[in-house]
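To start, the structure itself, in structure tokens.
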Amino acid sequence: MLDDFFTRALIAGIGIALAAGPLGCFVVWRRMAYFGDTMAHSALLGVALALLIDAAPALGVFAVAAAIAVALSALQRIGLLAADALLGVLAHAALGLALVMVALMSWLRIDVSAYLFGDILTVGRLDLLLVYLGGAAALAGLLKIWRRLLADTVDPDLLRAEGVRPEPTRLAFALLLAAVIAVSLKIVGALLVTALLIIPAATVRSFARGPVHMAVMAAGLGVVLVVVGLFGSLHLDTPSGPTIVVAAFIAFLLATAWSVWARRRDRNDRVRGGRHA
Amino acid sequence: MHDPASHSHAPIAPVLAGQPVLARLEGVGIRRAGRWLIRDIDLVIQRGEIVSVIGPNGAGKTTTARALLGIEAPTQGTVHRAPGLTTGYVPQLLSVDRTLPLRVRHLMELTARFAAREVEEALGLLGVAHCADSQVHTLSGGELRRVMMARALLRRPDLLVLDEPTQGLDVSGEVDLYELIRTMRDRLDCGVLLISHDLHMVMAQTDQVVCVNATGHLCCSGPPRMVADHQGFLNLFGRRTADALAFYRHQHDPVRDPAGAAAHGPAAAGQAGEVREHGRAG
């Protein structure tokens with residue numbers, strides 16, 4: 001069964017969605033969309049560096065994304081620029097550097113677009129192992145820091161007042177994100193990883209009653225979207241990453257339309273109820 | 001004007017005999033972005049005592065509380081907290097992002113797990129049991145503050161720190177809240193640090209008052225009636241306020257002549273014996 005490239009892509013995609021959903025919820029709650037984007041943009045630099053020293057691309061991606069996270073927190077401590085400006089600098093510096101490096105490494109023929117947008121044809125058995133090991137590690141890590149990360153998201157002072165420094169938890173979260181980005185590269189691509197983190201979480205928001213509920217729903221929806229997107233990609237002969245993102249966007253639009261309609265219906269009910277009373 | 005080099009700290013002695021000191025600030029100053037938020041702050045809080053911090057807006061009342069809790073590291077001076085001290089903190093504001101679906105129940109268990117029964121009991125004590133399953137971002141300001149107080153109480157703190165807990169409450173709500181704070185103090189046998197604008201309540205309901213002026217310096221501290229007589233306090237809040245507070249002084253100390261309050265300088269305060277003098281004379 002694993003001999004079929006499409007089956008491998010499906011299994012890998014499901015694994016990625018399961019890890020990306022819950023982590024993506026925190027990205028949304030903590031308003032870190034641009035942070036995730038920056039890490040993802042730096043992924044290509046990781047690939048280029050890994051190829052340069054003949055290491056596994058996923059390892060390079062993880063290392064560079066982690067380095068970006070550390071660099072950001074150091075730059076933030078210096079405090080000369082706001083976080084979004086710093087992220088803008090880092091994101092595009094990393095992407096520019098990567099493209100220049102790839103151009104200079106003329107002895108290697110790298111299909112840049114495969115890394116930027118994902119290519120299901122390239123998913124091997126080793127990648128499957130990587131996705132499930134990396135994804136399971138990311139989820140286990142998230143479970144471990146869940147309470148503190150949630151408290152830090154609500155108000156870091158509540159933690160500090162109890163003698164807990166939030167910084168290690170934040171760093172751990174950044175590393176978990178780096179891991180998910182590293183293992184999703186082949187399926188969704190560097191430019192679109194953030195979409196898989198954010199869109200499922202954003203789509204289920206209005207149906208969620210609690211943080212855990214939202215995380216589970218985001219993971220579940222992510223799985224559905226990856227499967228639909230991959231089948232779409234197969235039939236339309238389109239790149240896998242963008243097709244998954246289009247499927248996710250359609251789901252997001254439907255969910256938004258539903259919540260707008262539901263809100264209007266509630267309001268009308270209230271008005272009518274008021275008249276009767 | 002103030003000269004920090006010449007400032008010598010008056011020895012700060014605990015005033016409640018036999019009660020352990022929970023936390024203590026000694027000459028604490030916090031400097032952020034080139035500006036002193038607070039400076040030379042001395043403060044002692046003992047078990048069973050309600051200490052309030054008063055002062056104008058921007059005087060660094062919240063910063064003082066944050067220093068005591070260890071949220072802000074002091075630039076100068078020292079912060080002592082009793083080993084193993086459990087603190088409960090109710091910040092002035094808590095804004096939960098709308099994208100985060102969070103019920104009151106979840107908020108109560110944000111930093112530690114509690115039995116559902118305990119959570120409901122704490123919410124009930126604050127009169128917000130009906131909110132247990134509400135989404136946090138739908139609560140009113142007053143409800144949220146009560147929920148946060150319930151959360152702090154769940155931890156059975158040795159030291160309860162409340163930042164402007166009466167904000168947005170009407171007068172009867174304030175009276176109830178102060179009564180509740182006293183009840184909690186008695187029940188948990190904890191110390192309470194209270195930040196407040198409300199001079200009347202502070203004077204009537206607390207054991208010690210720490211008065212901070214607009215530059216973040218300690219102006220005076222001591223029992224309410226002593227502080228109310230202090231020249232620094234009069235300068236800070238004006239005669240009119242001080243006269244209005246005469247009522248409380250009468251209650252506590254019928255011998256004193258309120259009309260003479262303006263004449264009480266630092267010397268008079270020294271006479272009183274209990275009020276602690278801080279900052280420069282003038």
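None of these values were measured; they are calculated from a predicted model. Protein chains get the first letters and strands the later ones, always in sequence-line order, with residue 1 at the start of each.
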Output the option from [options] having the highest count of non-hydrogen pairs under 4.5 Å with chain A.
options                          : value
M148(B), Q135(B), R66(B), E72(B) : R66(B)
L69(B), T86(B), T111(B)          : T111(B)
V161(B), T87(B), L85(B), D97(B)  : D97(B)
V96(B), L94(B), V90(B)           : L94(B)

Interchain contact, R30(A) with chain B, by part (heavy-atom threshold 4.5 Å):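 The answer is neither part of R30(A).
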Which portion of R205(A) sits near chain B, non-hydrogen atoms under 4.5 angstrom: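 The answer is the side chain of R205(A).
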Give, as side chain, backbone, both or neither, the part of [X] having an atom under 4.5 angstrom from any heavy atom of chain A.
X       : value
A152(B) : neither
R81(B)  : neither
L159(B) : neither
S95(B)  : backbone
R105(B) : neither
E109(B) : both
L107(B) : side chain

Check: R47(B) side chain, D189(B) main-chain N or O, donor-acceptor pair, under 3.5 Å: yes
Donor-acceptor contact present, side-chain Q46(B) to main-chain Q19(B), <3.5 Å: yes
Parallel, tilted or perpendicular, as decided by the 30° and 60° cut-offs, for the rings of F26(A) and W29(A):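 Perpendicular.
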Separation between CG of L153(B) and SG of C190(B), rounded to the nearest 0.5 Å: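 The SG atom of C190(B) is 8.0 Å from CG of L153(B), to the nearest 0.5 Å.
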Nearest-0.5 Å distance that lies between atom CD in E120(B) and atom CZ in F114(B): 14.0 Å
Ion pair check, [X] and [Y], cut-off under 4.0 Å:
X       : Y       : value
R117(B) : E121(B) : yes
R146(B) : D176(B) : no
R160(A) : D157(A) : yes

R32(B)/T75(B) under side chain to side chain contact (heavy atoms under 4.5 Å, CB included): CA gap, chis, key distance, verdict: CA-CA 9 Å; R32(B) 295 286 180 266; T75(B) 314; 3.8 Å; yes
Heavy-atom pair count under 4.5 Å with chain B, highest-scoring of V154(A), V164(A), D155(A):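 Heavy-atom pairs under 4.5 Å are most numerous for V154(A).
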Pick from L150(A), L158(A), L159(A) with the largest number of heavy-atom pairs that fall under 4.5 Å of chain B: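 Heavy-atom pairs under 4.5 Å are most numerous for L158(A).
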H106(B) and R103(B), any side-chain heavy atoms less than 4.5 Å apart: yes
